[in-house]
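The structure appears right after this line, and notes come after that.
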Amino acid sequence: MSSMAALRSIFMDGGCFSRFQEESKSLKIRKMPTRVSAVSAQKSDKSIKVGILGASGYTGAELIRFLANHPYFDISLMTADRKAGQSIGSVFPHLITQDLPDLVAVKDADFSTVDAVFCCLPHGTTQEIIKGLPSSLKIVDLSADFRLRDINDYGEWYGQPHKATELQKEAVYGLTEINRNKIESARLVANPGCYPTTVLLPLVPLLKTSLIALENIVIVSNSGVSGAGRSAKEANLYTEISEGIFSYGITRHRHVPEIEQELSNAANSSITVSFTPTLMPMSRGMQSTINVQMGPGVSVEDLKQQLTHLYENEEFVVVLPDNQAPHTKYVQGSNSCHINVFPDRIPGRAIIISVIDNLVKGASGQALQNLNLMMGIPENTGLSCMPLFP
C-alpha cells in the first residue's frame, strides 16, 4: 500500500479523521477573528510524499516554509532546472536549516516517490509537464494554465494554444472558500491568481445574492513586486521600482478573463469589469479597491452583512468591524484575507477593499489549503500562523 493510501486509510477508518472531523466542527462554530490552534509540527509516521516543481521561485520557497510545520506532508522531490544539483539552502539561505533533497531538473525527477505535486512552473510549460505526470498523483497547479475553462480564451490571452485540453476539462478552480466541495474530490486543482483571489472572495457572494449590479464594476489593484516572480528583469530592479508606482497591463492584464469567468459564473450572466493593476514599491502584499453599483433598495450594510454571514466561520477570511480599513501589513506572511465595505460618495455605490499577502493567500497558502482538502486533512493544517508585524 502506498504512503498516500495508508494515510488516507488511517483518516477514513475513523482514527485520526474522526478527531479531525470534531476539530472541523468546532472550527465552524467559532466566530472570527478567533484563530484555531496550529496542529502539532511533529511529523506523522505515515506521511504523504510531496513534490514541488519550480522550487527555486518565491512560491516554491513559501511552500517549503509552510510544509516545514506540516505534520503529514513530507517534501521528497524538488525541481529547478537552472538550479539543478544545488541544495535549497544555497538557493534560499533562509531555508538552510531544512533537511531537504537537492534540486533536480524536471526531466530527471522520479515521480514514483511522490503522492502529490505542487506545480510552481511558468504558464505555457506547466500543461505539458502535468500531462506527462502519473494519473495517480494529486496536483495543485499555481500557474494560469488550467484556470480558464475555455481553451480559446487561453489562446487569446496567453498567446499560444492549450496543449492539454483533456486535462483542462478535469481541472477544478481552487478558490477554496467558494469551491470547497469540488476541491475535496478533485485530482487536479487550478490555484487562483493573486489578483482574482482579492476580487472574487468579496464579489462572488454579492453577485450570487443579486446585491450588486452586473455593470460598472471598477477594480484598481495594487501589488508588491514579488508578484512578478524571482527571475531577473530590468523593470524590477530596485532603481526602477523604488520611490514610485506605476500601472501596467492596462485593459489587457491576463487575470482579467479569470476574474470575468468566475464573476459571470456566480451571476449566471456575462460580466465585463474595468481592471487596472498597479505595481507598488514593496516586497509583498496586495490590495484591491472595488467600486460597485448596489442593487435597488440595497444598502452598504446589506453588503457587509452578507459577507459577514458567509465568512463568519471561516478561519482565513475576515470581514473587519466598523470602518476599519484593511491593511496589507496586517495579513503579511499569513493565509488571511481582510475585507471591508464602505459607502461611496456617489449615491447607490459602494467601495469594497480586500487585502491579502500575494505569495500566501494569493499563491502558496491557498495551494496548501487546497491540497489539504484533496487529501482529506483539515484545511488549516500547517497554515495557522500569525501575520508578520511590523
Side-chain angles (χ1 to χ4, degrees), residues 1-13 16-17 20 24 39 43-44 46-55 59-60 62-64 66-79 100-101 106 109-121 123 125-147 149 164 166-192 335 363-383:
M1 182 181 291
S2 70
S3 58
M4 179 174 68
L7 183 55
R8 288 184 68 87
S9 176
I10 291 171
F11 285 151
M12 301 305 180
D13 287 347
C16 295
F17 191 63
F20 285 140
S24 298
V39 182
K43 294 290 184 181
S44 167
K46 302 290 186 179
S47 63
I48 295 173
K49 303 300 182 183
V50 172
I52 301 175
L53 309 187
T59 55
E62 285 293 89
L63 279 168
I64 295 168
F66 286 113
L67 290 172
N69 294 315
H70 199 291
Y72 301 108
F73 291 164
D74 257 344
I75 301 172
S76 61
L77 171 69
M78 297 189 298
T79 77
L100 294 168
V106 171
D110 180 5
F111 291 102
S112 69
T113 65
V114 299
D115 303 305
V117 165
F118 293 104
C119 193
C120 306
L121 298 168
H123 70 267
T125 61
T126 296
Q127 51 199 269
E128 288 194 281
I129 289 172
I130 290 180
K131 185 168 65 172
L133 294 179
S135 60
S136 59
L137 294 184
K138 298 279 190 177
I139 303 166
V140 179
D141 178 29
L142 283 75
S143 82
D145 277 3
F146 294 97
R147 295 175 189 161
R149 284 185 285 275
E166 291 305 310
L167 276 180
Q168 176 60 48
K169 297 173 185 176
E170 177 186 348
V172 171
Y173 189 73
L175 190 64
T176 318
E177 285 76 13
I178 303 299
N179 292 334
R180 184 174 281 122
N181 292 338
K182 292 181 179 179
I183 293 166
E184 287 177 341
S185 58
R187 186 185 77 88
L188 169 61
V189 165
N191 214 58
N335 198 47
S364 303
Q366 187 158 220
L368 179 52
Q369 194 178 353
N370 285 329
L371 188 59
N372 282 337
L373 279 172
M374 295 163 75
M375 304 308 298
I377 297 170
E379 67 186 68
N380 69 320
T381 307
L383 288 168

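Here the structure is a predicted model, which is why all the values come from computation and not from measurement.
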Distance in Å, [X] [atom1] paired with [Y] [atom2], rounded so as to fall on 0.5 Å steps:
X	Y	atom1	atom2	answer
Asp115	Ser47	CG	OG	8.0 Å
Leu133	Glu128	CG	CD	12.0 Å
Ser364	Glu62	OG	CD	6.0 Å
Ile64	Leu100	CD1	CG	6.0 Å
Leu175	Gln366	CG	CD	5.5 Å
Asn380	Asn372	CG	CG	7.5 Å

Min side-chain heavy-atom separation [X]-[Y] under 4.5 Å:
X	Y	answer
Pro101	Leu77	no
Met375	Ile48	yes
Thr59	Phe118	no
Glu184	Met374	no
Val189	Ile139	no
Lys182	Tyr173	no
Leu142	Val140	yes

**Prompt:** When you check the gap from the basic side-chain N to the acidic O, do Asp74 and Lys49 get nearer than 4.0 Å?
**Reply:** yes

**Item:** Under the salt bridge (Lys or Arg N to Asp or Glu O under 4.0 Å) test, residues paired with Glu177 that sit two or more places apart
**Value:**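 Checked Glu177 against salt bridge (Lys or Arg N to Asp or Glu O under 4.0 Å); matches are Lys361.
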
**Asked** Of all residues at least two apart in sequence or in a different chain, which pass the salt bridge (Lys or Arg N to Asp or Glu O under 4.0 Å) check with Arg187?
**Response**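 Partners of Arg187 by the salt bridge (Lys or Arg N to Asp or Glu O under 4.0 Å) criterion, ordered by chain and then number, come out as Glu170.
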
Tell me every residue that passes side chain to side chain donor-acceptor pair (under 3.5 Å) with [X], counting only those two or more places apart in sequence or in another chain.
X	result
Asn179	none
Asp110	Ser112
Asn370	Thr176, Asn191

**Prompt:** Please, which pairs that meet salt bridge (Lys or Arg N to Asp or Glu O under 4.0 Å) have at least one residue in residues 366-377, sequence neighbours excluded?
**Reply:**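 Checked against salt bridge (Lys or Arg N to Asp or Glu O under 4.0 Å) - neighbours excluded - no pair reaches residues 366-377.
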
**Asked** Which pair of heavy atoms, one from Gly365 and one from Leu383, lies closest together, and at what distance?
**Response** O-CD1, 3.5 Å

**Asked** Which atom pair, heavy atoms only, marks the closest approach of Gly54 to Cys120?
**Response** O-CB, 3.7 Å

Give a yes or no on whether the backbone of [Y] and the side-chain of [X] come within a donor-acceptor separation of less than 3.5 Å.
X	Y	answer
Ser76	Val114	no
Asp141	Ala190	no
Arg180	Leu373	no

**Request:** Taking side chain to side chain contact (heavy atoms under 4.5 Å, CB included) as the test, write out the residues that go with Ile129, two or more places apart.
**Result:**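 Ile129 satisfies side chain to side chain contact (heavy atoms under 4.5 Å, CB included) with Leu53, Val106, Leu121 once adjacent residues are dropped.
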
**Message:** Can you list everything that forms a side chain to side chain contact (heavy atoms under 4.5 Å, CB included) with Ala164? Sequence neighbours excluded, please.
**Reply:** Gln127, Lys131, Phe146, His162, Leu167

**Request:** Assign the ring pair Tyr72 / His70 to parallel, tilted or perpendicular, where the plane angle (0 to 90°) is split at 30° and 60°.
**Result:** perpendicular

**Request:** May I ask you to check whether Gln369 and Asn335 show a side-chain donor-acceptor distance below 3.5 Å?
**Result:** yes

**Request:** List the steps and the verdict of side-chain contact (heavy atoms from CB on, under 4.5 Å) for Thr79 and Ile52.
**Result:** CA-CA 6 Å; Thr79 77; Ile52 301 175; over 6 Å; no

**Message:** I'd like to know whether Phe73 forms a side-chain contact (heavy atoms from CB on, under 4.5 Å) with Ile377, so could you lay out the CA-CA distance, the side-chain angles of the two residues, the decisive distance to 0.1 Å, and finally the verdict.
**Reply:** CA-CA 10 Å; Phe73 291 164; Ile377 297 170; 3.7 Å; yes

